[in-house]
Amino acid sequence: MHGLWRPRVLGAWKLPASGPAILAVNHSHNIDGPMVMGVSPRPTHFLIKKEAFVGPLNPFLTGIGQLKVDRTTADRAAITQALGVLEAGGVLGIFPEGTRGEGDFTSLRAGLAYFAVRSGAPIVPVAVLGSSGRPGRLIRQLPPLRSRVDVVFGDPFDAGDGSGRRTRRALDEATERIQKQLTSHLENARRLTGR
């Protein structure tokens, strides 16, 4: 990442140095996940759509510990693997909106709340800014080479209400709390970086 672009990483020290953690990353461009993996102070295992695991990318992504997920169903294998990462004290990366979009955390899916409430792992919000501003000249699907991309880590927070409940209502309430935290972090990151 540092060879192709000029990432500016702010707040990486906020990611707990050990123990389970969930990175909740906004997603507006296809380099957002690789950028976070490349600058994170700890190895990160992202849930990635199964469609990305094609050709030589399949053994590469699997080899670096990324998790294949079928977004069309409740993928039990992916859920078990993701919970396993957290149980082992690792870092799980999630795009809480489920797919690439505006990257503004306005339409969260329930997966992030489920993993956070079930595992008890803190959520660390991460804003990637500058990856989708303008297309590159050589490869239009990527940001311009050597352009600045900001990666801003936020303060960790717990999604649950402390009761340990895992009911549908508890997950809905957790999703609301998460959305407020992530939206607030994104606003702060934009203010901090001037983007």
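For reference, positions follow the sequence shown, starting with 1.
- Counting heavy atoms from C-beta outward, Glu87 and Pro20 have side chains that stay 4.5 Å or more apart.
- Closest non-hydrogen pair, Val149 versus Arg195, comes out as N-NH2, 4.3 Å.
- Going from atom OG1 of Thr44 over to atom CG of Leu15 covers 7.0 Å, rounded to the nearest 0.5 Å.
- Looking at Glu51 and Arg71, their side chains come closer than 4.5 Å, going by heavy atoms from C-beta outward.
- With 3.5 Å as the limit, one finds no donor-acceptor pair spanning the side chains of Thr73 and Asp75.
- Arg42 places a side-chain N or O within 3.5 Å of a backbone atom of Pro16 that can act as its donor or acceptor partner.
- At a threshold of 4.5 Å between non-hydrogen side-chain atoms, the residues Leu23 and Ser40 count as touching.
- Ion pairing of Glu187 with Arg191 is absent here, as no side-chain N (NZ or NE/NH1/NH2) approaches a carboxylate O to less than 4.0 Å.
- A donor-acceptor pair under 3.5 Å links the side-chain atoms of Asn26 to the main chain of Val128, judged by distance alone.
- Remark: the backbone N or O of Phe46 is paired with a side-chain donor or acceptor of Gln66 at under 3.5 angstrom.
- Two residues are said to be in side-chain contact when any heavy atoms from C-beta on lie closer than 4.5 Å; Thr175 and Leu112 fail this criterion.
- What you find for Phe53 and Ile48 is that their closest heavy atoms are CE1-O, 3.7 Å.
- In this structure the side chain of Leu83 never reaches within 4.5 angstrom of the side chain of Leu92, judged on heavy atoms.
- One N or O on the side chain of Thr80 and one on the backbone of Arg76 form a donor-acceptor pair closer than 3.5 Å.
- Residues Phe95 and Leu47 come closest through the heavy atom pair CD1-O, 4.5 Å.
- With contacts defined as side-chain heavy-atom distances shorter than 4.5 Å, the pair Phe153/Val9 qualifies.
- With rounding to the nearest 0.5 angstrom, the CD1 atom of Ile123 is 8.5 Å from the CD atom of Gln181.
- Remark: the backbone N or O of Ala159 is paired with a side-chain donor or acceptor of Arg177 at under 3.5 angstrom.
- Leu192 has its side chain within reach of Leu10: a pair of non-hydrogen atoms, C-beta onward, lies under 4.5 Å apart.
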